[in-house]
**Q** 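I have a structure here, written as structure tokens, and I will follow up with some questions on it.
Both ligands and their constituent atoms are indexed starting at 1 by order of listing. Since we're looking at a predicted model, the values are computed, not measured. Only heavy atoms go into these numbers, but all of them, side chains included; no hydrogens, no water, no symmetry mates.
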Amino acid sequence: EVVDGGGHVLLPGLVDLHVHLREPGREDAETIASGSAAAAAGGFTAVFAMPNTDPVADTALVCDHVWRRGQEVGLVDVHPVGAVTVGQKGERLAEMGIMAAGEARVRIFSDDGFCVSDPLVMRRALEYASGLGALIAQHAEDPRLTCGACAHEGPTAARLGLTGWPRSAEDSIVARDAILARDANARVHICHVSTAGSVSVLRWAKEQGIAITAEVTPHHLLLDDSRLEDYDPVYKVNPPLREESDVAVLRRALADGVIDAVATDHAPHAAHDKDREFALARPGMLGLETSLPIILETMLRPGLLDWRGVARAMSEKPAQIAGLADHGRPIAVGEPANLVVVDPDFEWTVRGSELASIATNTPFEGMRLRGRAAATLLRGRITARDGQAARQEERSWT
Ligand code: DOR
Ligand code: ZN
Ligand code: ZN
């Protein structure tokens, strides 16, 4: 599982529970092919593609297209996440059973980018998904409390004159959904936890035996809202970058297992949607090719996680949460492997234009990072080497 190979480290292939690959609908920002290349280059062997596409992934037709296209590209398993409600409008439940029975075998449903704010719809969604053995992944935001704001409510936003997105908009939904999951006897997963309050609620809920899991993004583990100083839209993201004190609590919670997994919320945007005045720019950041080195920087090197812990947070736990049998575990002798060979000391400078993603909206532009995937293997085939996805003809058996 974790073998130190004299400078290189072997991990099970990384699993990302939360990416936006923009196909169908916004192929000018990312496609399943370019997103798969970014994933393989970043050390991933499985990713979960969020349903806020155009059309929305609320039918087996769309979900199965995403799955098949991923298999055709062949660099990473692209598991579609189904929409909870029809058109992500938060009203009528989508036919999750049909998506679950399709070729893609959809096992996670989410209204990420939206948020089921009606508690009755959420309660029914939890019961429905639970009956299917599926999982609801909640984008924890109460839009009645965020009210269109795009910066964390705190001293920085006040000084800059930006309207504030309060922590309560997140904390209250996490608490509500923990309790709804308890009553529905269902599992629930919280996307991109960003506040100290969410961590308290998660700790409480887990102590109560509620079947709740949560993820945190690399950007929420590294960056805080002091970055907003120049109204630079590259730092605009949902949920917003919080305060230094939240960042410290998030790191500690991932170390303690209160937060289960790292997920990137990889959110590519075309330049004409992102390079705009802060108020008009789309929220979101690239994440797939920078996740591993940022986790090494924020968690491994400060001693908050050892390599075993990195494997757990980036592979084993997400695979377990998603119910993937062939990822995130030690491989048997002779089995075609899903794994990543990490060069932990390789230093590189992030250039958005050099990443495999079509979009270039990385918040780490120009940053020196240490560590990358020296090789990624999907079922025994090399899908990336030294930060570059393999071309079709290079994906030979090893
Ligand atoms: O920052 C975000 N970007 N948060 C979301 O919830 C949606 C995502 C996107 O689709 O761009
Ligand atoms: Zn979200
Ligand atoms: Zn998202």
Side-chain angles (χ1 to χ4, degrees), residues 16-31 35 38-39 47-57 66 78-85 87-88 90 108-117 136-143 145-146 148-152 165 169-170 173-174 177 188-195 198 214-220 223 225 227-228 232-242 261-276 278-288 291 318 357-363:
D16 194 339
L17 289 171
H18 190 148
V19 302
H20 298 269
L21 298 187
R22 306 299 187 216
E23 184 179 341
R26 286 309 306 264
E27 291 84 353
D28 55 335
E30 193 80 289
T31 62
V47 299
F48 286 76
M50 283 295 170
N52 61 338
T53 47
D54 183 12
V56 168
V66 169
V78 180
H79 294 279
V81 173
V84 175
T85 59
Q88 291 199 301
I108 302 180
F109 296 90
S110 179
D111 268 358
D112 184 67
F114 181 69
C115 176
V116 179
S117 51
I136 299 285
Q138 170 62 286
H139 166 92
E141 170 196 347
D142 189 335
L145 282 167
T146 52
C150 37
H152 165 68
W165 171 318
E170 175 174 317
I173 295 287
V174 178
D177 288 352
V188 68
H189 178 75
I190 308 298
C191 298
H192 45 51
V193 165
S194 73
T195 64
S198 287
E215 68 191 30
V216 63
T217 69
H219 50 269
H220 287 110
L223 307 174
D225 70 347
R227 302 265 169 177
L228 298 185
D232 185 344
V234 82
Y235 299 113
K236 181 172 171 177
V237 64
N238 290 355
L241 299 178
R242 301 288 184 180
V262 173
T264 62
D265 197 10
H266 179 80
H269 289 297
H272 63 271
D273 287 324
K274 191 62 174 167
D275 300 340
R276 315 184 60 180
F278 192 79
L280 303 172
R282 297 268 170 92
M285 303 168 163
L286 297 184
L288 281 166
S291 183
S357 278
I358 293 172
T360 59
N361 56 302
T362 172

**Q** Which atoms of ligand 1 are found less than 4.0 Å from any heavy atom of Asn52?
**A**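 With Asn52 as reference, the close atoms of ligand 1 come out as 9 (C), 10 (O).
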**Q** Give me the nearest non-hydrogen protein atom to atom 6 (O) of ligand 1 as residue plus atom name, then the distance to 0.1 Å.
**A** His139 CE1, 3.0 Å
**Q** Using a 4.0 Å heavy-atom cut-off, say whether Arg282 meets ligand 1 through its side chain, its backbone, both or neither.
**A**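 No part of Arg282 comes within reach of ligand 1.
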**Q** Can you list the ligand 1 atoms lying under 4.0 Å from a non-hydrogen atom of Val237?
**A** 1 (O)
**Q** Mind checking whether Phe48 and Val19 have side chains closer than 4.5 Å, heavy atoms only?
**A**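 A side-chain contact under 4.5 Å is absent here.
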**Q** Is it the side chain, the backbone, both or neither of Pro283 that has a heavy atom closer than 4.0 Å to ligand 1?
**A**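 Within the 4.0 Å criterion, Pro283 contacts ligand 1 through backbone and side-chain atoms alike.
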**Q** Between Thr195 (side chain only) and Ser198 (backbone N and O only), is there a donor and an acceptor less than 3.5 Å apart?
**A** yes
**Q** Could you tell me which non-hydrogen atom of His18 sits nearest to which non-hydrogen atom of Asp16, and how far apart they are?
**A**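 The pair with the smallest heavy-atom distance is N-OD1, 3.0 Å.
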**Q** So, the side chain of Asp111 versus the backbone of Val84: is there a donor-acceptor pair under 3.5 Å, distance only?
**A**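 Yes, because the side chain of Asp111 sits within donor-acceptor range (under 3.5 Å) of the backbone of Val84.
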**Q** Has Arg22 got a side-chain atom pairing as donor or acceptor with Pro268's backbone, closer than 3.5 angstrom?
**A** yes
**Q** I need the nearest protein heavy-atom contact for atom 11 (O) of ligand 1: residue, atom name and distance, please.
**A**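 Nearest protein contact, heavy atoms only, for atom 11 (O) of ligand 1 is Arg22 NH2, 2.7 Å.
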**Q** Would you confirm whether Lys274, through its side chain, and Pro233, through its main-chain N or O, come within 3.5 Å as a donor-acceptor pair?
**A**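 At least one qualifying donor-acceptor pair exists.
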**Q** Distance below 2.8 Å from the Zn ion (ligand 2): how many protein N/O/S atoms qualify?
**A** 3
**Q** Could you check atom 4 (N) of ligand 1 against the protein and tell me its nearest heavy-atom contact, residue, atom and distance included?
**A**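 Here the nearest protein heavy atom works out to Asn238 O, 3.0 Å.
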**Q** Any idea which atoms of ligand 1 are less than 4.0 Å away from a heavy-atom of His269?
**A**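 This gives 11 (O) as the contact atoms.
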**Q** Answer with yes or no whether Met285 contacts ligand 1, where contact means a heavy atom under 4.0 Å from a ligand atom.
**A**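 Distance cut 4.0 Å: Met285 fails for ligand 1.
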**Q** Which atoms of ligand 1 sit under 4.0 Å from any heavy atom of Gly284?
**A** 1 (O), 3 (N)
**Q** As an exercise, identify every atom of ligand 1 less than 4.0 angstrom from a heavy atom of Ala267.
**A** 3 (N), 11 (O)
**Q** Considering the options His266, His219, His139, which one meets the ring pair (Phe, Tyr, Trp, His ring centres under 6.0 Å) requirement together with His192?
**A**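 Of the listed residues His266, His219, His139, the ring pair (Phe, Tyr, Trp, His ring centres under 6.0 Å) partner of His192 is His139.
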**Q** If only atom types and distance count, is the side chain of Thr85 paired as donor or acceptor with the main-chain N or O of Gly90 below 3.5 Å?
**A** yes
**Q** Salt-bridged, Asp28 to Arg26, with N to O below 4.0 Å?
**A**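 Salt bridge between Asp28 and Arg26, a charged N being under 4.0 Å from a carboxylate O: yes.
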**Q** For Arg26, state whether at least one heavy atom is located under 4.0 Å from any atom of ligand 1.
**A** no
**Q** Going by heavy atoms in the side chains, are Trp165 and Cys150 under 4.5 Å from each other?
**A** no
**Q** Donor-acceptor pair, Ser110 side chain versus Asp112 backbone, under 3.5 Å?
**A** yes
**Q** Minimum heavy-atom separation for His189 to Glu215, with atom names?
**A** NE2-OE1, 2.9 Å
**Q** Does ligand 1 have any atom sitting under 4.0 Å from a heavy atom of His20?
**A**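 Under 4.0 Å: yes for His20.
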